[in-house]
Protein chains: 2
Amino acid sequence: MMVTVMMIGEVAEKTGFSVHTLRYYEKIGLLPETLRDAGGRRVYGPDVLVWLEFVERLKQIGMPIRDRVRYAEMRALGDSTISERRELLQTYRDDLAKRVASLSETLDVLDAKITTYETAAKCNGASR
Amino acid sequence: MMVTVMMIGEVAEKTGFSVHTLRYYEKIGLLPETLRDAGGRRVYGPDVLVWLEFVERLKQIGMPIRDRVRYAEMRALGDSTISERRELLQTYRDDLAKRVASLSETLDVLDAKITTYETAAKCNGASR
DNA sequence: CTAGGTGATAGAGTGCACTCTAGGTCAAGC
DNA sequence: GCTTGACCTAGAGTGCACTCTATCACCTAG
């Protein structure tokens, strides 16, 4: 059976992270040290895509890179870190819930403002 | 009738922006040039609080400072910029709607993961 | 009258998260 | 056999958005 392996360029293309960023992520510990081929080039399995997608989510919710690294490190340590990981995620989850609420409110504010602008434009258009 | 005026420290306290940040915002044009008292100190009216609250919202939705300044400049120019302002807000509004949807999804992902962690912790706790 | 607190300026410094450069290796196709 | 393109490393550079420092002016309470 064929095992799907990827070079760094392919991972970059599939995840949207740049090649530079992927190497940077490995250096800081956000990606585990990658297997290399005979020529010293990184070889990735398909799992890395799942992990990077999750990392992207953590990034999108505003988790600073330091905490993403911390999470990655705990993940690498295995089951003994589960409760600590849960706590970390819980903190960000609660914060995220608040932010989603606040952003929804802002969405309403923007809609109201846009409506006002549309009305104003119409009135100006008619009166001038 | 008493007119409520504020010094910069009071504005800072009420808005959550630091005094440094408020002066910085004025320098880059995010705040209009402020009136000064006899001693050269900035004197603010109550309107600035409303504006800063809105600026904070624009910041929270991820509008870069350059666009916030652009918006502030257009606002200072008056009605002739209304349609341009509407367009700018519309762009960020649409982007925001997508982000809110994506963040809600992430909220579900986090909840699922947290649940998994709780289950895992329980099983480990029982089996060890 | 002086000490403390708040205000002012110009400009330097900080932290984050990449992003890019220089200089090199290596395998494949013409 | 040589060019091309994807990969490698170490380390410098970038852009954003503040944040702080040094130094000075002003006003009020004790």
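Side chains are part of it too, since the values below use all heavy atoms of this structure and drop only hydrogens, waters and symmetry mates. Keep in mind it's a predicted model, so treat the numbers as computed, not measured. All chains are named by letter (A, B, ...) in the order of the sequence lines, taking the proteins before the strands, and each is independently numbered beginning at 1.
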Verify, without hydrogens or angle tests, whether B/D37 (side chain) and B/G40 (backbone) share a donor-acceptor contact under 3.5 angstrom.
yes
So, is B/Y24 close to the D/dC20 phosphate, meaning a side-chain N or O under 4.0 Å from OP1 or OP2?
no
A/Y44 OH to D/dA6 P, straight-line distance once rounded to whole Å
16 Å
Kindly say whether B/L77 contributes a backbone atom to a donor-acceptor pair with the side chain of B/T81 at under 3.5 angstrom?
no
Is A/R66 near enough to C/dC16 that one of its side-chain N or O atoms lies under 4.0 angstrom from OP1 or OP2?
yes
Would you say A/R42 reaches D/dT9's phosphate, i.e. side-chain N/O to OP1/OP2 under 4.0 Å?
yes
Looking at every strand, decide which applies to A/R23 at a 4.0 Å heavy-atom threshold: base, sugar-phosphate, or nothing.
base
Ignoring backbone atoms, test whether A/Y25 places a side-chain nitrogen or oxygen under 4.0 Å from the OP1 or OP2 oxygen of C/dA17.
no
Value in whole Å for how far the P atom of D/dA6 lies from CE of A/M6
17 Å
Return the value, rounded to whole Å, for the distance between atom CG of A/D37 and atom P of C/dT25.
16 Å
So does A/R68 get a side-chain nitrogen or oxygen closer than 4.0 Å to the phosphate oxygens (OP1/OP2) of C/dC18?
yes
Whole angstroms only, please: what is the NE2-C1' distance between B/H20 and C/dG13?
12 Å
Contacts of B/A38 and A/E26 projected onto DNA chain D by closest heavy atom; the upstream (5') one is A/E26
Euclidean distance, atom NZ of residue A/K27 to atom C1' of C/dT19 [Å, nearest integer]:
11 Å
To the nearest Å, how far apart are A/I8 CD1 and C/dC26 C1'?
16 Å
Under a 3.5 Å distance rule, please check whether A/W51 uses its side chain to pair with a backbone N or O of A/A72 as donor and acceptor.
no
Taking the side chain from A/R75 and the backbone from A/I82, do they hold a donor-acceptor pair closer than 3.5 Å?
no
Measuring to OP1 and OP2 of C/dC18, would you say a side-chain N or O of A/K59 lies under 4.0 angstrom away?
yes
Distance in angstrom units between A/R41 CZ and D/dC8 P, rounded
8 Å
Do B/I114 and A/R93 have side chains that get closer than 4.5 Å, going by heavy atoms?
yes
Atom-pair distance (CG on B/L31; C1' on D/dC18), nearest Å:
14 Å
